[in-house]
Chemist: 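Here it is, the structure in full.
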Amino acid sequence: DEAAHLFHERLNPALFYRLGAYHTIIELLSPIFREGLDRLPSLSTYEQKSNQLGNLGNALFHIGDYQLALHLQTLKLKLDLDNAHPSNLLTSLFNITSTLRETGHLALFIHVLELASKLAQALEYPRALALAHGKRLGLYVDTGQWENATNTYQAFISLLPENLTIHHV
């Protein structure tokens, strides 16, 4: 568990965000998934299991293994639900939306995004609400749903603090 903690806190951010070394992440995390990459990792704490499921799922998503990524994301979602951890649950929902959109499951993408939006609103997480609006806006723009895009943009703008100036580019 100590090695998993070190990986999550120190190594994963560099490999994932700075280097895009997704294959390396998969190689380093694979040994803790002793029963297979489609099962829970062999770690003792909820936090480490959740973190490493997320790390591996995200790496798999970025190399295009969407089926296994979605499987790990749903394992993480169930784990987060079972442990009643709302902020991790929100992250799981957002990760699942990315995979659903990438694989063309747009109706399910919208449904899961609505769940994430409602949870973000209940938790009073304005950044998560903004992310949800951004994901929805992206879909509407990409599919030519201009009226929905405009309405989503207006809803997003209404969430911003009054003292924030928006500069259109």
Chemist: For the pair Leu93 and Leu119, evaluate side-chain contact (heavy atoms from CB on, under 4.5 Å) and give the outcome as yes or no after the intermediate values.
Modeler: CA-CA 10 Å; Leu93 289 169; Leu119 181 56; 4.2 Å; yes

Chemist: If I compare all heavy atoms of Phe33 with all of Arg39, which pair ends up nearest, and what's the gap?
Modeler: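 Distance-wise, the nearest heavy atoms are CD2-O, 3.1 Å.
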
Chemist: Just how far is it from atom CG of Asp1 to atom OG of Ser42, taken to the nearest 0.5 Å?
Modeler: 10.0 Å

Chemist: So which heavy atom on Gly57 is nearest to which on Ala69, and how close?
Modeler: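 Answer, listing the atom of Gly57 first, then Ala69: O-CB, 3.5 Å.
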
Chemist: Could you walk me through whether Leu28 and Leu15 pass the side-chain contact (heavy atoms from CB on, under 4.5 Å) test, one step at a time?
Modeler: CA-CA 11 Å; Leu28 291 172; Leu15 291 172; 3.8 Å; yes

Chemist: Is there a path of hydrophobic side-chain contacts, each under 4.5 Å between heavy atoms of I, L, V, M, F, W or Y residues, that connects Leu123 with Leu113?
Modeler: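 Yes, one cluster joins them.
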
Chemist: More than 12 non-hydrogen atoms from neighbouring residues, nucleotides or ligands closer than 6.0 Å to CD on Gln67, yes or no?
Modeler: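 Check fails, neighbour count at 12 or below.
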
Chemist: Any side-chain heavy atom of Phe94 sitting closer than 4.5 Å to one from Val112?
Modeler: no

Chemist: Among Asn55, Leu53, Asn51, find the one that has a side chain to side chain contact (heavy atoms under 4.5 Å, CB included) with Lys76.
Modeler: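 Testing each of Asn55, Leu53, Asn51 against Lys76, the sole residue satisfying side chain to side chain contact (heavy atoms under 4.5 Å, CB included) is Leu53.
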
Chemist: Which distance, rounded to the nearest 0.5 Å, do you find between the CG of Asn12 and the CD of Glu9?
Modeler: 10.0 Å

Chemist: Tell me, do Leu56 and Leu60 make a side-chain contact under 4.5 Å, heavy atoms counted?
Modeler: yes

Chemist: For Ala59 and Ile26, work out which heavy atoms get closest and say how close.
Modeler: CB-CG1, 3.9 Å

Chemist: May I have the step-by-step check of side-chain hydrogen bond (donor to acceptor under 3.5 Å, both in side chains) for Tyr22 and Asn58, ending in yes or no?
Modeler: CA-CA 8 Å; Tyr22 310 119; Asn58 288 337; over 6 Å; no

Chemist: Does any non-hydrogen side-chain atom of Phe61 lie less than 4.5 Å from one of Tyr66?
Modeler: yes

Chemist: Could you state the interatomic distance from CG (Asn151) to NE2 (His133), rounded to the nearest 0.5 Å?
Modeler: 10.5 Å

Chemist: Using 0.5 Å steps for rounding, measure from the OG1 atom of Thr24 to the CG atom of Leu19.
Modeler: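 Interatomic distance, Thr24 OG1 to Leu19 CG, rounded to 0.5 Å: 8.5 Å.
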
Chemist: Should Ile110 and Leu77 be regarded as members of a common hydrophobic cluster, given that ILVMFWY residues are connected when their side-chain heavy atoms come within less than 4.5 Å of each other, either directly or indirectly?
Modeler: yes

Chemist: Looking at Asp80, is its backbone amide N or carbonyl O close enough to the side chain of Asn88 to form a donor-acceptor pair, meaning the two atoms are under 3.5 Å apart?
Modeler: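 A pair under 3.5 Å: no.
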
Chemist: Checking Leu75 against Leu72 for the side-chain contact (heavy atoms from CB on, under 4.5 Å) test, could you report, in this order, the C-alpha distance in whole Å, the side-chain angles of both residues, the deciding distance, and whether it holds?
Modeler: CA-CA 5 Å; Leu75 278 177; Leu72 290 174; 4.1 Å; yes

Chemist: Examine Leu131 and Leu108 and state if one hydrophobic cluster contains both, with Ile, Leu, Val, Met, Phe, Trp and Tyr joined whenever side-chain heavy atoms are less than 4.5 Å apart.
Modeler: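 Yes, Leu131 connects to Leu108 through the hydrophobic network.
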
Chemist: Rounded to the nearest 0.5 Å, what separates atom CG in Asn83 from atom NZ in Lys49?
Modeler: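 It is 8.5 Å, given to the nearest 0.5 Å.
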
Chemist: State plainly whether one hydrophobic cluster holds both Ile63 and Tyr17, where clusters connect Ile, Leu, Val, Met, Phe, Trp and Tyr through side-chain heavy atoms under 4.5 angstrom apart.
Modeler: yes

Chemist: Between atom NE2 of His5 and atom CD of Glu47, what is the distance when rounded to the nearest 0.5 Å?
Modeler: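 The CD atom of Glu47 is 10.5 Å from NE2 of His5, to the nearest 0.5 Å.
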
Chemist: Taking NE2 in His105 as the centre, count heavy atoms belonging to other residues, nucleotides or ligands within less than 6.0 Å. Is the count above 12?
Modeler: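 It does not: His105 NE2 has 12 such atoms or fewer within range.
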
Chemist: Does Leu29 belong to the same Ile/Leu/Val/Met/Phe/Trp/Tyr cluster as Leu70, with side-chain heavy atoms less than 4.5 Å apart forming each link?
Modeler: no

Chemist: If the test is side chain to side chain contact (heavy atoms under 4.5 Å, CB included), which one of Arg136, Lys135, Gln145 qualifies with Thr152?
Modeler: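 The residue from Arg136, Lys135, Gln145 that satisfies side chain to side chain contact (heavy atoms under 4.5 Å, CB included) with Thr152 turns out to be Arg136.
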
Chemist: side-chain contact (heavy atoms from CB on, under 4.5 Å) between Phe109 and Ile96: does it pass, once the steps are laid out?
Modeler: CA-CA 8 Å; Phe109 162 82; Ile96 288 170; over 6 Å; no

Chemist: Which residue is it: Thr99, Thr97, Thr91? I am looking for the one with a side chain to side chain donor-acceptor pair (under 3.5 Å) to Gln73.
Modeler: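 Going through the options one by one, the only one that passes is Thr99.
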
Chemist: Is a donor on one side and an acceptor on the other found under 3.5 Å between the side chain of Gln52 and the backbone of Ala4?
Modeler: yes

